[in-house]
There are 2 protein chains.
Amino acid sequence: MTQDYQSLRKHFAQIAHFEHFSALGDWDQATMMPMGGSEGRSDAMATLAGHIHAMRTAPWLMDAIAAAADETLSLAEQANLREMKRQCLEATAVPQALVEAKTKAAYQCENAWRSQRKDNDWQGFKPNLEAVMALVREEAAHRAAATGLAPYDTLLDKFEPGMTAAKIESTFAQVRQFLPGLIQEVCSRQANEQQATIEGPFDIQAQEAIGREIMQILGFDFEQGRLDVSSHPFCGGVPGDVRLTTRYRDDDFTGALLGIIHETGHARYEQGLPLSLRGQPAGAARSMGVHESQSLFFEMQLGASQAFVELITPNINRHLKRDFSPAQLIHQATRVKPGLIRVDADEVTYPCHILLRFEAEKALVDGSLSVADLPDFWSAQMQQLLGINTDGDYRNGCMQDIHWTLGELGYFPSYTLGAMYAAQLRFAMEASLGPLDGLIANRQLEKVFAWLDTHIWSQGSLLETDALISAATGEPLNARFLERHLRQRYLGE
Amino acid sequence: MTQDYQSLRKHFAQIAHFEHFSALGDWDQATMMPMGGSEGRSDAMATLAGHIHAMRTAPWLMDAIAAAADETLSLAEQANLREMKRQCLEATAVPQALVEAKTKAAYQCENAWRSQRKDNDWQGFKPNLEAVMALVREEAAHRAAATGLAPYDTLLDKFEPGMTAAKIESTFAQVRQFLPGLIQEVCSRQANEQQATIEGPFDIQAQEAIGREIMQILGFDFEQGRLDVSSHPFCGGVPGDVRLTTRYRDDDFTGALLGIIHETGHARYEQGLPLSLRGQPAGAARSMGVHESQSLFFEMQLGASQAFVELITPNINRHLKRDFSPAQLIHQATRVKPGLIRVDADEVTYPCHILLRFEAEKALVDGSLSVADLPDFWSAQMQQLLGINTDGDYRNGCMQDIHWTLGELGYFPSYTLGAMYAAQLRFAMEASLGPLDGLIANRQLEKVFAWLDTHIWSQGSLLETDALISAATGEPLNARFLERHLRQRYLGE
């Protein structure tokens, strides 16, 4: 008998039904909702979130999970039970009063930040961030007590289950070793390259048409999803109905296009999650880092490759009525330039922004770095990693991101973990299928997708991350694949 | 102290938050959702509907409602309590097993009907409709036992609270008296009119642009709503974010345009509901008939009037790049022709379709008419009311509507109640503001909307329907205003 497991399965299916509306509400708010809908939507979303939280913390759940562990379960059911437990623990670890206090402080901090950032107003921002950080430390302490993990590791665990600061440290140490030098090499090499600049305006409808064609080349199923416009691109919706967005500018089409390719990676992961576990915890995407590995695989390993740009150049020229050469477009997609802003960074300098934030987060959580000392810390790291001075430029320094204002610490590493997983997956794939460029040039992209489907998408959360990556690539996370990828693409090694 | 009332108020606000997602899910399904989303959406909607039903039937509610009646409440609070009670009684009157059996039978009947109607397959359809009708009779018996109303009146009450068959009978008797003769008069008068026919194609984007301009003329606030496309036009969403739809044909633009004007009437009612009671039962629209009175006021009293057509003719010609005269457009909008199909009927013949359905519904519920005898009943009534023979033509006869397949009896009268309320409201408004045509011609539409806002929109469900209509017009429902309107417009009396 598996009666406790079956009750749990049914309960979590119902949670997924309510989350369906949470996803729909988010998507609609970003793409369709008129201003007048804000108040009603945010009230309704709050009630819905409260209901979902109550379902995840229902008093009978932990007992049922313990009882179900004694039932005869398949491997998939065991994995599902493990993920149910993780969700319950995460929801119950923090007292409701603290959750509410943090939500309130984060709301105030983020709201004020929107104007304080514009005004470079560090003095105004500092006390708000201090208030949020105090509550984050409290949250981490509660999570540590409930799980036995170190405080900062409990924050990582929300986004990247099983990941620890120690593992990231040893991986990031390698990156810190090779990357600053590599950036210098790439920059001096690119200084000699000449290409005609690509100038607009580019018709928005033409850009959208290109995007849709390329989504189809990438195997996106428009009967199971949509493409729309929002001011911050994202991939939302639910498996079976995955909704991605982009934003268009008429003076540049590459940003929107690479954005679409990136979100299509997220979308295919969601569309490829195991049907038999749809709506169950083990049927969900593995982690933020693994999610980002799929979007970055699409954007960087595929999208910015020589062969892929050659493949799609005709689509671009046909719709834009231009005559770009693939070389021009590749040049545009692979320019490397150290800069202040993370979200504008290229593939090569991006990890530096994450190395900095990771060190800062750890220190902010363990108390060895105070918010007051953050700007100096930032400036020193930027100098060391990218050779840029940020003294006094708070707006483009430690005030540039939304994450900390919301109290979301532990998220930043996912971006670079994703880039590293993506590179590692590519070399493993090539060991079995041959060079990616050849597969693209021979119109065999379906082989690439089948490989990702087998090793990542169809696995959902059946395996934990280390096991998933080891099963796919033969070894756990290893930074040397990212280095190899960057040296290959940017230095021709 | 009003502690029970306050608990109830909070509970119903939460119900409204969940209904927010029900409305969003419906709208999205009709306008945006790709095919692949169907299964996930219908599962999620079922869970949501079950949750809302559970909230409306929570065991503590009826006791709290009784206790709150002893508290010191304002008039608005008393009205709110009355509407809460109505919702609870409606939700609890029918046993859950019967609700489920009816849902299942209705689903099967409607599903098969989609092809059976195409095939004119009465023999296939009959047993399915018989199964639904048996359950409807059972439902009505339960509601009658719970409320003390007559069985058919309990079905009317779901859509038109307080309405009874007896009241409708006496009103419809007047219509049955004047309408068939009036139709003959109008038809022979129109037989002599000559106008150039209006031929397409008409660009869809141009039609949409016209629609949006006219919505703005009608005071629709695009910061509190949207216009989209769906295969069956409707007005959905929530107050604050009202979403209406239309459908376009390239061989005719008047259908889509009058449809937009119609839905804009529904929308302005929703946008104008009292803010202080938003999300509360007394803050909702009064009834289906009153809702239809607003859409028909917009479509018929305003939209098909000489002055309004003159007002919008320049918008139409500018976008379509044509040179229609107002007379041509009015001719098109006011053609009267008895026909088989309700949804295609003009304003003058439409009530005949409802008279027929009302008599049939009553007799089907009290058992005096069997499903087997329905086609003969239909044919006889069509002959009598519109001089049309429908023998053997089930598809365009008693199989044409979706309502009965879904077990929704009691809804049809709302359409003609709406037309009668609309005419009655117009004459009352004119008694206070002067002729509508003059207000339109003098660009004083805002006076018209202010009058409707004061007398209908801002009233929500504070008053019951008879009181609302009497307060607005000085008397309860009276069919002679519809007759006066039709004689004025179609016979120039």
Side-chain angles (χ1 to χ4, degrees), chain A residues 10-29 31-52 54-55 205 220-228 237-244 267 270-271 273 275 278-279 283, chain B residues 10-29 31-52 54-55 205 220-228 237-244 267 270-271 273 275 278-279 283:
Chain A
K10 199 171 157 197
H11 186 71
F12 278 87
Q14 292 219 315
I15 293 177
H17 293 161
F18 287 103
E19 286 181 320
H20 176 109
F21 294 106
S22 171
L24 179 61
D26 278 334
W27 172 84
D28 182 81
Q29 186 162 351
T31 57
M32 299 288 160
M33 192 182 81
M35 258 178 45
S38 308
E39 196 182 328
R41 177 64 48 83
S42 81
D43 288 349
M45 290 290 273
T47 294
L48 183 63
H51 183 63
I52 292 170
M55 289 184 81
Q205 282 190 309
F220 183 89
D221 178 357
F222 277 98
E223 292 203 343
Q224 296 202 49
R226 296 177 51 92
L227 168 67
D228 294 279
V238 293
D241 183 3
V242 179
R243 303 186 177 191
L244 59 90
E270 289 288 321
Q271 289 179 337
L273 290 168
L275 252 180
R278 191 168 277 183
Chain B
K10 198 172 159 197
H11 186 72
F12 278 86
Q14 292 217 316
I15 293 177
H17 294 162
F18 287 103
E19 286 181 320
H20 175 109
F21 294 106
S22 172
L24 179 62
D26 278 334
W27 172 83
D28 182 81
Q29 184 161 352
T31 56
M32 299 287 159
M33 192 184 79
M35 259 178 44
S38 308
E39 197 182 326
R41 176 65 48 83
S42 81
D43 288 349
M45 289 290 272
T47 295
L48 183 63
H51 183 65
I52 292 170
M55 290 184 81
Q205 283 189 310
F220 183 88
D221 179 356
F222 277 97
E223 292 204 343
Q224 296 203 50
R226 296 177 50 92
L227 168 68
D228 295 278
V238 293
D241 181 4
V242 179
R243 301 185 178 193
L244 58 91
E270 289 289 322
Q271 290 179 336
L273 289 168
L275 252 180
R278 189 167 277 183

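Every chain is numbered from 1, with letters handed out A, B, ... down the list of sequences.
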Point to revise | Any A/Ser22 side-chain heavy atom under 4.5 Å of A/Met45 side chain | key: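 Of all side-chain heavy-atom pairs linking A/Met45 with A/Ser22, at least one is under 4.5 Å.
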Among [options], which residue has the highest count of heavy-atom pairs closer than 4.5 Å to chain B?
options                               : result
A/Asp228, A/Asp241, A/Leu48, A/Asp221 : A/Asp241
A/Ala46, A/Gly240, A/Gly237           : A/Gly240
A/Pro34, A/Gly36, A/Ala16             : A/Pro34

Exercise for review: Evaluate the criterion side chain to side chain contact (heavy atoms under 4.5 Å, CB included) for residue pair A/Leu227 and A/Phe220; output intermediate values, then yes/no.
Suggested key: CA-CA 10 Å; A/Leu227 168 67; A/Phe220 183 89; over 6 Å; no
Practice item. Give, as side chain, backbone, both or neither, the part of A/Phe21 having an atom under 4.5 angstrom from any heavy atom of chain B. Key: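 When you check distances to chain B, atoms from both the backbone and side chain of A/Phe21 fall under 4.5 Å.
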Practice item. Would you mind checking which part of A/Asp28 comes under 4.5 Å of any heavy atom in chain B, side chain (CB onward), backbone (N, CA, C, O), both or neither? Key: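 Just its side chain gets close to chain B.
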Exercise for review: Enter the distance from A/Leu244:CG to A/Thr31:OG1 here, rounded to the nearest 0.5 Å.
Suggested key: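 Rounded to the nearest 0.5 Å, the CG-OG1 separation comes to 11.5 Å.
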Among [options], who wins on heavy-atom pairs under 4.5 Å with chain A?
options                      : answer
B/Met33, B/His20, B/Glu39    : B/His20
B/Glu19, B/Gln14, B/Arg226   : B/Arg226
B/Gln271, B/Arg278, B/Arg243 : B/Arg243
B/Gly25, B/Gly40, B/Ala44    : B/Ala44

**Study point:** Side-chain donor or acceptor of B/Ser38 paired with backbone N/O of B/Met35 under 3.5 Å
**Key:**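 Yes, because the side chain of B/Ser38 sits within donor-acceptor range (under 3.5 Å) of the backbone of B/Met35.
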Check your understanding: Within the side chain of A/His11, is there an N or O that forms a donor-acceptor pair under 3.5 Å with the backbone of A/Met55?
Key ->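 Checked: pair present.
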Exercise for review: Anything under 30° is parallel, anything over 60° is perpendicular, the rest tilted; go ahead and classify B/His51 against A/His51.
Suggested key: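 Geometry flag for A/His51 against B/His51: tilted rings.
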